[in-house]
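Below is one structure, written out as structure tokens; comments come after it.
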Amino acid sequence: MATNSSTKTRYFVNAPVDFFFIGGASFILFAFLLLFYTDARTPEVITAAVMLSWAINWPHFSMSTYRLYQSKSNIQQYPITAYVIPFIVLGGVALSFTFPDIVAPYFVKLFMLWSPYHFSGQTLGITFIYAMRSGIRLSNLERKVITSFVLGTYFLSTIRAETSRDGYTFYGVQYPSMQIPQWIANIAEYAMWAAIIAFVAMIIYWSYRNRRILPLMVVLPGATQYLWFVQSVYMPSFQEFVPMLHSLQYILIAWGIQLKEKMEVKKIEPSKKYVVTETSRWFAINFIGGVILFYMLPDIGVALGYTSLFSIAIIYAAIQIHHFFVDGVIWKLKNKTVSHPLMMTFEELTAVRPEARQTQPATT
Amino acid sequence: MKRSMRLRLPFVLRLLIIGGLLFFNTSLAAQEASPQVAREHIIFSTTYGDLVFALYPDIAPLHVEQLLKLTRLGVFDYAQVMRVIPGFIVQFSDTYRRLKPLTREQANAVQEIKGEFSQQIRHTKGRLTMARYDDKPDSATSSFSILLGDAPHLDGEYTIFGHIESGGSVVNKILSVPLKGEAPSQRIAINRAYVVDDIDAYFQTHSRDPIDNMGQVQTTQLSVQSPDGSQKSVPQHQINQLIAILLSAIILVSLLGVLLQKHIGPNRLVSLLLVNVLIGGFGLFMLLTPLTASSTWLGFVLFMAIFGLFRLMSRFEKSS
């Protein structure tokens with residue numbers, strides 16, 4: 001693992017803000033619920049999670065759609081995602097409404113299995129972004145160790161859920177379990193712990209070799225996912241907030257890239273005024289987008305004569321499956337048009353500072 | 001004359017035999033009416049209130065021991081009602097289905113119990129009967145049912161280990177939840193399960209909820225789906241329609257690729273092929289998942305295949 005230390009470009013905003021968005025909020029909330037509140041899904045917990053969904057979770061889905069469709073060049077770059085995937089997802093919705101007992105449970109289940117995988121992808125992406133921003137070139141082995149740790153938590157949590165002998169329910173839609181034997185879940189747990197040991201060993205070895213501690217921001221996304229997927233199963237109240245916390249991570253990155261890209265494309269001079277107005281405009285658009293997607297779209301199903309719960313289940317699943325596709329293409333770090341703006345700093349947006357322009361080249 | 005005597009004698013004999021059997025049955029019923037009840041009782045605090053279970057340590061010592069142990073370890077916390085068949089049973093899910101996964105200590109405690117089948121005690125209304133696999137007499141672990149009516153066909157085949165002592169109205173509330181197949185359409189949770197050593201002290205602070213009217217509630221159906229999510233009663237023509245639609249979608253996407261191949265380039269063509277993989281994979285996923293119940297490996301193989309599908313999708317519209 002080569003290093004080219006650059007603390008100036010490590011954070012999008014600054015250490016406390018980046019820490020809070022990427023994982024600090026998760027740890028703070030977990031500790032608060034554990035020490036001062038409850039592990040149960042109380043009505044208050046559910047209400048708070050729903051309220052936060054309006055402000056954070058729903059806009060995050062709108063953000064990825066907005067990012068894809070806001071410019072012709074994006075659409076031209078990803079035509080299958082922009083033009084074909086919406087029809088495929090709509091086909092899934094139509095089939096779910098037409099065959100509510102045959103297709104709907106599996107449409108919902110596909111989303112339920114894909115969602116934690118998508119979370120894992122984001123965790124890995126953010127880890128690599130912060131490594132890149134910290135000037136760390138990860139070796140193949142180091143990338144494999146980090147990936148094993150992150151996917152280990154995904155495997156354990158998902159396989160454990162799939163050991164159930166009966167199904168689950170998502171907004172009234174019952175979907176089946178794959179009935180994986182318990183001993184496979186036990187193996188998945190051992191494998192995850194082995195991956196954790198390897199991850200910790202890698203951190204220690206890296207710190208020893210480079211005579212400095214591996215930056216916290218490189219470790220934080222993985223640790224946060226461990227909290228979400230493994231520890232949270234003993235804390236149902238915290239689980240209610242996990243999608244919101246995933247969205248919170250996303251918002252910081254999406255916000256940074258949106259402001260940086262627009263500033264460069266429209267050749268806008270950096271200023272605090274630009275940051276405030278563009279942030280407000282961008283967030284307002286995506287807030288409204290979130291409300292349209294999650295609050296208004298399910299009404300279509302109701303208008304067609306389906307129950308609101310069933311309609312919500314299918315539309316939510318569809319929005320998220322579409323989101324997984326869109327996110328899968330618009331954040332590829334190997335793409336220079338993505339990795340370059342991902343190196344932005346808050347200072348670059350607010351005032352010209354020569355040292356802030358010394359960003360790291362894309363290494364992933 | 002002789003003939004009529006010959007006819008009458010067997011008739012009298014039959015009466016005697018029937019009378020004897022009735023007497024024998026009644027005395028058996030009288031015998032089973034008072035099995036030894038353990039000092040400890042198990043309380044399930046559910047979404048709709050408390051269920052109080054009395055236990056028969058003399059009839060099913062292994063089962064009683066296991067259930068008390070599991071309750072004390074908190075294994076039943078966060079479990080739920082999994083199956084309701086009006087007039088027959090209300091069944092609690094096995095503990096692997098809990099909202100919170102079991103800790104290692106809890107999982108280790110959930111052991112298969114040897115069947116304790118008894119002809120001395122009958123499957124009658126209010127009795128608690130242990131669930132097990134049909135083909136494995138010694139496969140009971142933690143799932144059990146409250147009988148809503150008499151079920152003589154279970155006698156000697158399933159283990160009775162207690163009866164419901166209080167919670168008749170709670171059971172009726174459970175029965176009033178509309179069903180999807182045999183599963184409640186909404187989650188009916190066991191928020192907490194615990195053991196009470198002094199049941200009289202418990203009833204000093206909790207009112208008794210008799211079970212006399214238990215089960216006298218009309219249950220409604222929401223759909224034909226069974227609790228494991230399989231569609232056993234789905235008409236075959238619907239499955240055929242669905243397969244035809246999915247195959248048509250695959251053909252359409254393939255045709256799109258053929259028509260546009262000169263314009264879109266190899267990377268986009270690969271993405272269209274991946275769309276086909278997704279459609280076909282989803283079709284297989286729907287067809288194979290219901291079969292996982294009868295196969296040890298299929299569920300895991302299917303899960304890994306789905307994981308592979310997600311990995312493949314990350315190659316979607318890969319930059320050249």
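FYI, side chains are in, hydrogens and waters are out, and symmetry mates aren't considered; it's all heavy atoms of this structure. So you know, we letter chains A, B, ... as the sequences are listed, proteins then strands, and number each from 1.
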**Item:** Greater than 12 external heavy atoms within 6.0 Å of B:Tyr133's OH
**Value:** no
### Query
Counting heavy atoms not belonging to A:Tyr69, are there more than 12 under 6.0 Å from its OH?
yes
Whatever's closer than 4.5 Å to a heavy atom in chain B on A:Leu309 counts as neither
Honestly, the part of B:Leu291 sitting under 4.5 Å from a heavy atom of chain A is neither
| query | Any chance the side chains of B:Asn191 and B:Ser45 put a donor and an acceptor closer than 3.5 Å? | reply | no
Original post:
Do B:Ser143 and B:Gln91 have side-chain atoms, one donor and one acceptor, less than 3.5 Å apart?
Top reply: yes
Residues passing the side chain to side chain donor-acceptor pair (under 3.5 Å) test with B:Tyr48, sequence neighbours excluded, are B:Gln186
Go through the side-chain N and O atoms of B:Glu317 and A:Thr81 and say whether any donor and acceptor fall under 3.5 Å apart.
yes
Audit row: B:Phe282, A:Tyr106, ring-ring contact (aromatic ring centres under 6.0 Å, His included) steps and yes/no: CA-CA 8 Å; B:Phe282 184 66; A:Tyr106 296 96; 7.2 Å; no
Discussion item. Check B:Lys136 with B:Glu112, please: is the shortest side-chain N to carboxylate O separation under 4.0 Å?
Written reply: no
When the 4.5 angstrom heavy-atom criterion is applied to A:Ile80 and chain B, the contacting part is both
| task | Without swapping roles, check the side chain of B:Thr47 against the backbone of B:Ala189 for a donor-acceptor pair under 3.5 Å. | result | yes
Bottom line for A:Phe107: the part with an atom under 4.5 Å from chain B's heavy atoms is both
For residues 148-159 of chain A, the side-chain hydrogen bond (donor to acceptor under 3.5 Å, both in side chains) pairs (sequence neighbours left out) are A:Thr153-A:Gln225
message: Would the distance check show the side chain of B:Ser176 and the main-chain N or O of B:Lys173 forming a donor-acceptor pair, the cut-off being under 3.5 Å?
response: yes
Passes ring-ring contact (aromatic ring centres under 6.0 Å, His included), B:Phe76 versus B:Tyr194? Steps please. CA-CA 9 Å; B:Phe76 289 108; B:Tyr194 57 101; over 10 Å; no
Contact list (residues 110-118 of chain A to chain B, heavy-atom gap under 4.5 Å, by number) returns A:Leu110, A:Leu113, A:Trp114, A:Tyr117
Bottom line for B:Leu288: the part with an atom under 4.5 Å from chain A's heavy atoms is neither
Within residues 297-306 of chain B, contacts to chain A at heavy-atom distances under 4.5 Å involve B:Trp297, B:Gly299, B:Phe300, B:Leu302, B:Phe303, B:Met304, B:Ile306
